[in-house]
Amino acid sequence: MRIPFLDLSSPHIEMEEELIEVFRSALRSGSFVGGPMVEDFEQAFAAFCGTRFAVGVGSGTDALRFAVMAAGIGSGQIAITVPNTFTATAEAITQSGARVDFVDIDARTYNMDPAKLEQYLSTKCRWDDASGTLIHVELGIPVTAVVPVHLYGQPADMDAILEIATKYNLTVIEDACQAHGAEYYSEKQGRWLKAGSMGRAAAFSFYPGKNLGACGEAGAVTTNDEMIAKKIRMLRDHGQARKYHHEMEGYNGRLDAIQAGILLHKLKRLPEWTEQRREKAACYGELLAGCEELVVPFEPACAKGVYHLYVVRTEAREDLIRHLSGAGIGTGIHYPIPLHLQKCYKHLGYKQGNFPVSEKASREVLSLPMFPGLRLEEQEKVVHQIRHFPAATPQGRPDRLVPAPVA
Ligand SMILES: *Cc1c(COP(=O)(O)O)cnc(C)c1O
(Lines give C-alpha, C1' and ligand atoms only; values in the text may rest on other atoms or scores of the structure.)
Protein backbone atom coordinates (compact mmCIF):
# COMPACT_ATOMS: atom_id res chain seq x y z
CA MET A 1 0.00 0.00 0.00
CA ARG A 2 1.58 3.26 -1.15
CA ILE A 3 0.28 6.39 0.51
CA PRO A 4 0.73 9.57 -1.48
CA PHE A 5 1.36 12.92 0.15
CA LEU A 6 -1.50 14.35 -1.88
CA ASP A 7 -4.17 12.89 -4.18
CA LEU A 8 -5.07 15.22 -7.03
CA SER A 9 -6.80 12.69 -9.26
CA SER A 10 -9.60 11.10 -7.17
CA PRO A 11 -11.73 14.24 -6.67
CA HIS A 12 -11.43 15.07 -10.37
CA ILE A 13 -12.37 11.57 -11.49
CA GLU A 14 -15.36 11.77 -9.17
CA MET A 15 -16.40 15.12 -10.69
CA GLU A 16 -15.34 14.33 -14.25
CA GLU A 17 -18.73 14.73 -15.91
CA GLU A 18 -19.52 18.14 -14.44
CA LEU A 19 -15.98 19.42 -15.06
CA ILE A 20 -16.08 18.31 -18.70
CA GLU A 21 -19.43 20.09 -18.98
CA VAL A 22 -17.65 23.33 -18.01
CA PHE A 23 -15.14 22.81 -20.81
CA ARG A 24 -17.92 22.01 -23.27
CA SER A 25 -19.89 25.14 -22.43
CA ALA A 26 -16.75 27.30 -22.80
CA LEU A 27 -16.04 25.71 -26.19
CA ARG A 28 -19.58 26.43 -27.34
CA SER A 29 -19.76 29.99 -26.03
CA GLY A 30 -16.23 30.87 -27.09
CA SER A 31 -15.83 32.71 -23.78
CA PHE A 32 -12.38 31.77 -22.46
CA VAL A 33 -11.07 34.74 -20.48
CA GLY A 34 -13.38 36.71 -18.17
CA GLY A 35 -17.11 36.58 -18.88
CA PRO A 36 -20.08 35.20 -16.94
CA MET A 37 -18.33 32.11 -15.54
CA VAL A 38 -15.69 34.32 -13.93
CA GLU A 39 -18.31 36.70 -12.53
CA ASP A 40 -20.40 33.84 -11.14
CA PHE A 41 -17.37 32.37 -9.40
CA GLU A 42 -16.30 35.76 -8.03
CA GLN A 43 -19.74 36.28 -6.46
CA ALA A 44 -19.83 32.80 -4.99
CA PHE A 45 -16.31 33.06 -3.59
CA ALA A 46 -16.96 36.49 -2.03
CA ALA A 47 -20.08 35.05 -0.36
CA PHE A 48 -18.03 32.07 0.87
CA CYS A 49 -15.41 34.37 2.42
CA GLY A 50 -17.93 36.84 3.82
CA THR A 51 -16.53 39.77 1.84
CA ARG A 52 -18.22 42.24 -0.50
CA PHE A 53 -15.87 41.52 -3.39
CA ALA A 54 -13.73 38.80 -4.89
CA VAL A 55 -11.71 39.48 -8.01
CA GLY A 56 -10.40 36.49 -9.98
CA VAL A 57 -6.81 36.69 -11.18
CA GLY A 58 -4.20 34.44 -12.80
CA SER A 59 -2.56 32.99 -9.66
CA GLY A 60 -2.10 33.43 -5.94
CA THR A 61 1.08 35.36 -6.64
CA ASP A 62 -0.83 37.77 -8.89
CA ALA A 63 -3.45 38.09 -6.15
CA LEU A 64 -0.82 39.04 -3.55
CA ARG A 65 1.05 41.42 -5.82
CA PHE A 66 -2.14 43.15 -6.98
CA ALA A 67 -3.54 43.37 -3.44
CA VAL A 68 -0.33 45.00 -2.17
CA MET A 69 -0.20 47.42 -5.12
CA ALA A 70 -3.90 48.30 -5.00
CA ALA A 71 -3.52 49.20 -1.32
CA GLY A 72 -0.94 51.80 -2.35
CA ILE A 73 2.11 49.89 -1.12
CA GLY A 74 5.13 50.27 -3.36
CA SER A 75 8.46 51.93 -3.98
CA GLY A 76 10.15 53.60 -1.00
CA GLN A 77 8.15 51.63 1.57
CA ILE A 78 8.70 48.56 3.72
CA ALA A 79 6.21 45.71 4.07
CA ILE A 80 6.70 43.06 6.73
CA THR A 81 6.02 39.35 6.50
CA VAL A 82 7.50 36.15 8.00
CA PRO A 83 10.51 34.07 6.90
CA ASN A 84 8.55 30.83 7.24
CA THR A 85 6.34 31.01 4.17
CA PHE A 86 6.33 30.21 0.47
CA THR A 87 8.57 32.64 -1.37
CA ALA A 88 5.65 34.16 -3.32
CA THR A 89 4.64 36.15 -0.23
CA ALA A 90 7.93 38.05 -0.33
CA GLU A 91 8.11 38.17 -4.14
CA ALA A 92 4.76 39.94 -4.32
CA ILE A 93 6.00 42.62 -1.91
CA THR A 94 9.24 43.18 -3.81
CA GLN A 95 7.50 43.19 -7.19
CA SER A 96 5.16 45.93 -5.98
CA GLY A 97 8.31 48.03 -5.60
CA ALA A 98 8.40 47.84 -1.81
CA ARG A 99 11.17 46.39 0.33
CA VAL A 100 10.34 43.17 2.11
CA ASP A 101 11.37 42.65 5.73
CA PHE A 102 10.70 39.90 8.24
CA VAL A 103 9.62 39.24 11.80
CA ASP A 104 9.83 35.82 13.41
CA ILE A 105 7.02 33.35 13.98
CA ASP A 106 5.37 31.79 17.02
CA ALA A 107 6.89 28.39 17.87
CA ARG A 108 3.53 26.67 18.35
CA THR A 109 1.39 28.07 15.52
CA TYR A 110 4.21 28.74 12.99
CA ASN A 111 2.44 32.02 12.19
CA MET A 112 3.58 35.62 12.67
CA ASP A 113 4.30 36.36 16.31
CA PRO A 114 2.52 39.65 17.12
CA ALA A 115 5.00 40.32 19.95
CA LYS A 116 7.89 40.18 17.44
CA LEU A 117 6.00 42.53 15.15
CA GLU A 118 5.45 45.00 17.99
CA GLN A 119 9.11 44.69 18.97
CA TYR A 120 10.26 45.44 15.40
CA LEU A 121 8.00 48.47 15.10
CA SER A 122 8.79 49.88 18.53
CA THR A 123 12.55 49.37 18.47
CA LYS A 124 13.63 49.71 14.82
CA CYS A 125 11.25 52.49 13.84
CA ARG A 126 10.18 55.94 14.98
CA TRP A 127 6.87 57.68 14.53
CA ASP A 128 6.99 60.70 12.21
CA ASP A 129 4.21 63.15 13.03
CA ALA A 130 4.60 65.20 9.87
CA SER A 131 3.89 62.28 7.50
CA GLY A 132 1.79 60.20 9.89
CA THR A 133 4.00 57.22 9.16
CA LEU A 134 6.40 54.99 10.97
CA ILE A 135 9.94 55.47 9.70
CA HIS A 136 12.52 52.68 9.80
CA VAL A 137 15.40 54.44 11.52
CA GLU A 138 18.26 52.71 9.73
CA LEU A 139 16.72 52.65 6.26
CA GLY A 140 15.00 56.03 6.49
CA ILE A 141 11.81 54.89 4.73
CA PRO A 142 8.33 54.21 6.08
CA VAL A 143 6.97 50.84 7.13
CA THR A 144 3.49 50.83 5.64
CA ALA A 145 2.20 47.26 5.50
CA VAL A 146 2.16 43.89 7.17
CA VAL A 147 1.41 40.63 5.36
CA PRO A 148 0.51 37.86 7.81
CA VAL A 149 0.27 34.37 6.31
CA HIS A 150 -2.39 31.89 7.44
CA LEU A 151 0.15 29.13 7.06
CA TYR A 152 -0.84 25.47 6.68
CA GLY A 153 -4.47 26.66 6.80
CA GLN A 154 -4.27 28.03 10.38
CA PRO A 155 -5.34 31.66 10.75
CA ALA A 156 -2.72 34.04 12.13
CA ASP A 157 -3.49 35.93 15.37
CA MET A 158 -5.42 38.66 13.58
CA ASP A 159 -6.87 40.58 16.56
CA ALA A 160 -3.37 41.28 17.83
CA ILE A 161 -1.94 42.00 14.37
CA LEU A 162 -4.80 44.33 13.44
CA GLU A 163 -4.48 46.19 16.72
CA ILE A 164 -0.76 46.75 16.15
CA ALA A 165 -1.46 47.79 12.55
CA THR A 166 -4.02 50.37 13.69
CA LYS A 167 -1.61 51.72 16.30
CA TYR A 168 1.16 52.23 13.73
CA ASN A 169 -0.99 53.07 10.69
CA LEU A 170 -0.11 49.95 8.70
CA THR A 171 -2.14 48.28 5.96
CA VAL A 172 -2.82 44.58 6.52
CA ILE A 173 -2.88 42.25 3.51
CA GLU A 174 -3.65 38.63 4.36
CA ASP A 175 -1.86 35.83 2.56
CA ALA A 176 -4.76 33.36 2.66
CA CYS A 177 -3.34 31.20 -0.13
CA GLN A 178 -3.45 28.09 2.11
CA ALA A 179 -6.52 28.99 4.15
CA HIS A 180 -9.75 28.75 2.11
CA GLY A 181 -12.57 28.66 4.66
CA ALA A 182 -10.36 28.86 7.77
CA GLU A 183 -11.99 30.75 10.65
CA TYR A 184 -10.73 33.00 13.41
CA TYR A 185 -12.65 33.98 16.51
CA SER A 186 -12.22 37.70 16.98
CA GLU A 187 -12.60 38.57 20.66
CA LYS A 188 -12.80 42.17 19.58
CA GLN A 189 -15.77 41.63 17.29
CA GLY A 190 -17.22 38.74 19.31
CA ARG A 191 -17.67 36.47 16.29
CA TRP A 192 -16.00 34.03 13.95
CA LEU A 193 -14.47 35.58 10.84
CA LYS A 194 -13.32 33.87 7.67
CA ALA A 195 -9.71 34.02 6.51
CA GLY A 196 -9.58 36.62 3.77
CA SER A 197 -12.15 38.92 5.39
CA MET A 198 -10.04 40.54 8.09
CA GLY A 199 -7.39 42.66 6.38
CA ARG A 200 -7.74 45.48 3.87
CA ALA A 201 -7.50 42.77 1.21
CA ALA A 202 -6.48 39.12 1.01
CA ALA A 203 -4.91 36.82 -1.55
CA PHE A 204 -6.03 33.28 -2.37
CA SER A 205 -4.32 30.74 -4.59
CA PHE A 206 -6.22 28.06 -6.51
CA TYR A 207 -3.09 26.19 -7.55
CA PRO A 208 -4.17 22.54 -8.05
CA GLY A 209 -2.78 21.32 -4.71
CA LYS A 210 -4.51 23.99 -2.60
CA ASN A 211 -7.70 23.18 -0.65
CA LEU A 212 -9.70 24.75 -3.46
CA GLY A 213 -7.70 24.05 -6.58
CA ALA A 214 -8.24 24.77 -10.26
CA CYS A 215 -7.12 22.43 -13.05
CA GLY A 216 -4.32 24.87 -13.81
CA GLU A 217 -3.30 28.27 -12.43
CA ALA A 218 -5.77 30.63 -10.74
CA GLY A 219 -6.14 33.02 -7.81
CA ALA A 220 -8.38 35.70 -6.31
CA VAL A 221 -8.29 38.80 -4.14
CA THR A 222 -11.04 39.32 -1.57
CA THR A 223 -11.82 42.70 -0.02
CA ASN A 224 -14.61 44.81 1.42
CA ASP A 225 -13.10 47.91 -0.13
CA GLU A 226 -14.71 48.86 -3.44
CA MET A 227 -11.79 51.05 -4.48
CA ILE A 228 -9.35 48.14 -4.04
CA ALA A 229 -11.62 45.78 -5.98
CA LYS A 230 -11.83 48.28 -8.83
CA LYS A 231 -8.06 48.79 -8.92
CA ILE A 232 -7.44 45.04 -9.01
CA ARG A 233 -9.85 44.64 -11.92
CA MET A 234 -7.70 47.20 -13.75
CA LEU A 235 -4.34 45.77 -12.64
CA ARG A 236 -5.25 42.30 -13.89
CA ASP A 237 -6.21 43.70 -17.28
CA HIS A 238 -3.42 46.06 -18.39
CA GLY A 239 -4.68 48.95 -16.31
CA GLN A 240 -7.75 49.44 -18.43
CA ALA A 241 -11.12 50.44 -17.02
CA ARG A 242 -12.55 50.37 -20.54
CA LYS A 243 -11.10 48.56 -23.55
CA TYR A 244 -7.99 50.42 -24.76
CA HIS A 245 -8.34 53.17 -22.14
CA HIS A 246 -5.30 52.54 -19.94
CA GLU A 247 -5.46 54.56 -16.74
CA MET A 248 -2.26 52.99 -15.48
CA GLU A 249 0.15 50.26 -16.49
CA GLY A 250 -1.10 46.90 -15.39
CA TYR A 251 -0.51 43.24 -16.04
CA ASN A 252 -1.93 40.28 -17.87
CA GLY A 253 -3.30 38.65 -14.73
CA ARG A 254 -6.81 37.57 -15.64
CA LEU A 255 -8.67 34.43 -14.61
CA ASP A 256 -9.51 31.83 -17.28
CA ALA A 257 -13.22 31.18 -17.73
CA ILE A 258 -12.70 27.41 -17.73
CA GLN A 259 -10.81 27.58 -14.42
CA ALA A 260 -13.53 29.80 -12.93
CA GLY A 261 -16.22 27.34 -14.03
CA ILE A 262 -14.27 24.44 -12.53
CA LEU A 263 -13.71 26.39 -9.30
CA LEU A 264 -17.42 27.19 -9.02
CA HIS A 265 -18.23 23.48 -9.11
CA LYS A 266 -15.47 22.58 -6.68
CA LEU A 267 -16.41 25.41 -4.28
CA LYS A 268 -19.72 23.60 -3.65
CA ARG A 269 -17.75 20.61 -2.36
CA LEU A 270 -15.25 22.63 -0.32
CA PRO A 271 -17.15 22.66 3.03
CA GLU A 272 -17.38 18.86 2.91
CA TRP A 273 -13.68 18.52 1.98
CA THR A 274 -12.71 20.91 4.78
CA GLU A 275 -14.74 18.88 7.26
CA GLN A 276 -12.88 15.76 6.10
CA ARG A 277 -9.50 17.45 6.47
CA ARG A 278 -10.42 18.50 10.02
CA GLU A 279 -11.52 14.95 10.82
CA LYS A 280 -8.26 13.51 9.45
CA ALA A 281 -6.31 16.03 11.53
CA ALA A 282 -8.20 15.04 14.68
CA CYS A 283 -7.61 11.39 13.84
CA TYR A 284 -3.85 11.90 13.43
CA GLY A 285 -3.92 13.73 16.76
CA GLU A 286 -5.50 10.73 18.49
CA LEU A 287 -3.28 8.18 16.80
CA LEU A 288 -0.14 10.16 17.61
CA ALA A 289 -1.10 10.87 21.24
CA GLY A 290 1.75 10.13 23.61
CA CYS A 291 4.33 10.18 20.83
CA GLU A 292 6.62 12.42 22.83
CA GLU A 293 9.30 13.24 20.30
CA LEU A 294 6.85 14.29 17.66
CA VAL A 295 5.08 17.62 18.10
CA VAL A 296 1.61 17.65 16.53
CA PRO A 297 -0.10 20.83 15.24
CA PHE A 298 -1.41 23.27 17.82
CA GLU A 299 -4.82 24.75 17.15
CA PRO A 300 -5.57 27.68 19.46
CA ALA A 301 -9.16 28.05 20.73
CA CYS A 302 -9.61 31.12 18.50
CA ALA A 303 -8.85 29.17 15.31
CA LYS A 304 -10.58 26.63 13.09
CA GLY A 305 -7.85 25.56 10.71
CA VAL A 306 -8.51 23.94 7.35
CA TYR A 307 -5.38 21.73 7.37
CA HIS A 308 -4.04 22.50 3.95
CA LEU A 309 -1.06 20.71 5.46
CA TYR A 310 -0.75 18.50 8.53
CA VAL A 311 2.62 19.53 9.90
CA VAL A 312 4.43 17.76 12.72
CA ARG A 313 7.93 18.47 13.95
CA THR A 314 10.80 16.28 15.06
CA GLU A 315 14.54 16.68 15.43
CA ALA A 316 14.95 13.36 13.63
CA ARG A 317 13.21 14.63 10.51
CA GLU A 318 15.63 13.51 7.83
CA ASP A 319 15.78 9.95 9.18
CA LEU A 320 12.03 9.84 9.55
CA ILE A 321 11.48 10.99 5.95
CA ARG A 322 13.78 8.25 4.71
CA HIS A 323 12.03 5.68 6.86
CA LEU A 324 8.55 6.72 5.70
CA SER A 325 9.63 6.91 2.09
CA GLY A 326 11.00 3.37 2.38
CA ALA A 327 7.54 2.30 3.56
CA GLY A 328 5.91 3.93 0.53
CA ILE A 329 4.66 7.01 2.38
CA GLY A 330 4.95 10.43 0.77
CA THR A 331 5.82 13.51 2.86
CA GLY A 332 6.75 17.15 2.28
CA ILE A 333 8.72 19.96 3.95
CA HIS A 334 7.09 23.38 4.18
CA TYR A 335 9.60 24.98 4.08
CA PRO A 336 13.20 23.75 4.25
CA ILE A 337 14.94 27.15 3.94
CA PRO A 338 13.55 30.26 5.66
CA LEU A 339 13.31 33.21 3.28
CA HIS A 340 15.94 35.36 5.03
CA LEU A 341 18.53 32.64 4.27
CA GLN A 342 17.56 32.25 0.61
CA LYS A 343 20.09 33.41 -1.94
CA CYS A 344 17.56 35.81 -3.47
CA TYR A 345 17.24 37.72 -0.16
CA LYS A 346 20.94 37.80 0.65
CA HIS A 347 21.03 41.53 -0.04
CA LEU A 348 18.80 42.11 3.01
CA GLY A 349 21.86 41.22 5.09
CA TYR A 350 20.34 38.61 7.39
CA LYS A 351 22.23 35.61 8.63
CA GLN A 352 21.71 32.36 10.50
CA GLY A 353 20.46 33.18 13.98
CA ASN A 354 18.42 36.26 13.08
CA PHE A 355 15.06 34.44 13.15
CA PRO A 356 15.71 31.44 15.39
CA VAL A 357 12.11 30.20 15.62
CA SER A 358 11.71 30.08 11.84
CA GLU A 359 15.14 28.50 11.47
CA LYS A 360 14.36 25.75 13.96
CA ALA A 361 11.01 25.12 12.27
CA SER A 362 12.69 24.85 8.89
CA ARG A 363 14.91 22.07 10.26
CA GLU A 364 12.14 20.14 11.99
CA VAL A 365 8.79 20.51 10.21
CA LEU A 366 7.40 17.58 8.29
CA SER A 367 4.10 17.46 6.39
CA LEU A 368 2.34 14.09 6.58
CA PRO A 369 -0.11 12.84 3.92
CA MET A 370 -3.26 15.00 4.10
CA PHE A 371 -6.16 15.18 1.65
CA PRO A 372 -9.93 14.75 1.96
CA GLY A 373 -10.01 11.15 0.72
CA LEU A 374 -7.22 9.90 3.02
CA ARG A 375 -8.48 6.65 4.59
CA LEU A 376 -8.29 5.57 8.22
CA GLU A 377 -6.16 2.50 7.32
CA GLU A 378 -3.74 4.81 5.56
CA GLN A 379 -3.47 7.12 8.56
CA GLU A 380 -3.00 4.09 10.81
CA LYS A 381 -0.19 2.85 8.59
CA VAL A 382 1.52 6.26 8.60
CA VAL A 383 1.35 6.40 12.40
CA HIS A 384 2.41 2.76 12.77
CA GLN A 385 5.53 3.53 10.73
CA ILE A 386 6.23 6.63 12.81
CA ARG A 387 5.90 4.68 16.04
CA HIS A 388 8.19 1.91 14.78
CA PHE A 389 10.81 4.27 13.48
CA PRO A 390 14.34 3.43 14.62
CA ALA A 391 15.70 6.88 15.37
CA ALA A 392 19.36 6.10 15.84
CA THR A 393 21.08 9.31 16.85
CA PRO A 394 24.40 10.01 18.50
CA GLN A 395 22.68 11.35 21.63
CA GLY A 396 21.44 7.86 22.34
CA ARG A 397 17.77 8.47 21.90
CA PRO A 398 15.38 5.64 22.49
CA ASP A 399 15.51 3.37 19.48
CA ARG A 400 11.91 4.17 18.67
CA LEU A 401 10.10 7.50 18.83
CA VAL A 402 7.85 5.87 21.42
CA PRO A 403 7.63 2.27 22.53
CA ALA A 404 5.05 0.26 20.65
CA PRO A 405 1.94 -0.13 22.81
CA VAL A 406 2.11 -3.23 24.97
CA ALA A 407 -0.43 -5.79 23.75
C1 LIG B 1 0.57 28.82 -3.03
C2 LIG B 1 0.97 29.99 -2.26
C3 LIG B 1 1.19 31.25 -2.85
C4 LIG B 1 1.23 31.48 -4.33
O5 LIG B 1 0.16 31.00 -5.05
P6 LIG B 1 0.34 30.62 -6.61
O7 LIG B 1 -1.08 30.38 -7.04
O8 LIG B 1 1.18 29.40 -6.67
O9 LIG B 1 0.93 31.79 -7.30
C10 LIG B 1 1.48 32.33 -2.02
N11 LIG B 1 1.56 32.19 -0.69
C12 LIG B 1 1.39 31.00 -0.08
C13 LIG B 1 1.49 30.91 1.40
C14 LIG B 1 1.09 29.87 -0.85
O15 LIG B 1 0.96 28.69 -0.23
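Order of listing sets the numbers, starting from 1, for every ligand and every atom in it.
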Between Y350 and D101, do the side chains contain a donor N or O and an acceptor N or O under 3.5 Å apart? yes
Show which atoms of ligand 1 fall inside a sub-4.0 Å distance from at least one heavy-atom site of T85. 13 (C)
F298 ring centre to R108 NZ or CZ under 6.0 Å, with the angle to the axis within 45°? yes
How long is the gap from CD on E18 to CD1 on I20, to the nearest 0.5 Å? 11.0 Å
Can you name the closest pair of heavy atoms from A63 and V221 and give their distance? O-CG2, 3.3 Å
Should the pair F48 and F45 be assigned to parallel (<30°), tilted (30 to 60°) or perpendicular (>60°) ring geometry? parallel
Ignoring hydrogens, just give me the one of N84, D175, L309 whose non-hydrogen atom is nearest atom 13 (C) of ligand 1. D175
At under 4.0 Å between heavy atoms, which part of S59 makes contact with ligand 1: side chain, backbone, both or neither? both
Could you tell me the residue and atom name of the protein heavy atom closest to atom 15 (O) of ligand 1, and the distance to it rounded to 0.1 Å? Q178 NE2, 2.8 Å
For atom 2 (C) of ligand 1, tell me which residue out of H334, R65, K210 has the closest non-hydrogen atom. K210
Under a 4.0 angstrom heavy-atom cut-off, which atoms of ligand 1 come close to G60? 5 (O), 6 (P), 7 (O), 9 (O)
When the side chains of residues 67-82 are checked against the rest of the protein, which donor-acceptor pairs come out under 3.5 Å, sequence neighbours left out?
unit_1, atom_1, unit_2, atom_2, d
Q77, OE1, T144, OG1, 2.6
Q77, NE2, G72, O, 3.3
T81, OG1, V147, O, 2.8

Nearest-option assignment for atom 8 (O) of ligand 1, heavy atoms, candidates A63, C177, A203, S205: S205
Polar contact flag for T61 and ligand 1 (N/O pairs, less than 3.5 Å): yes
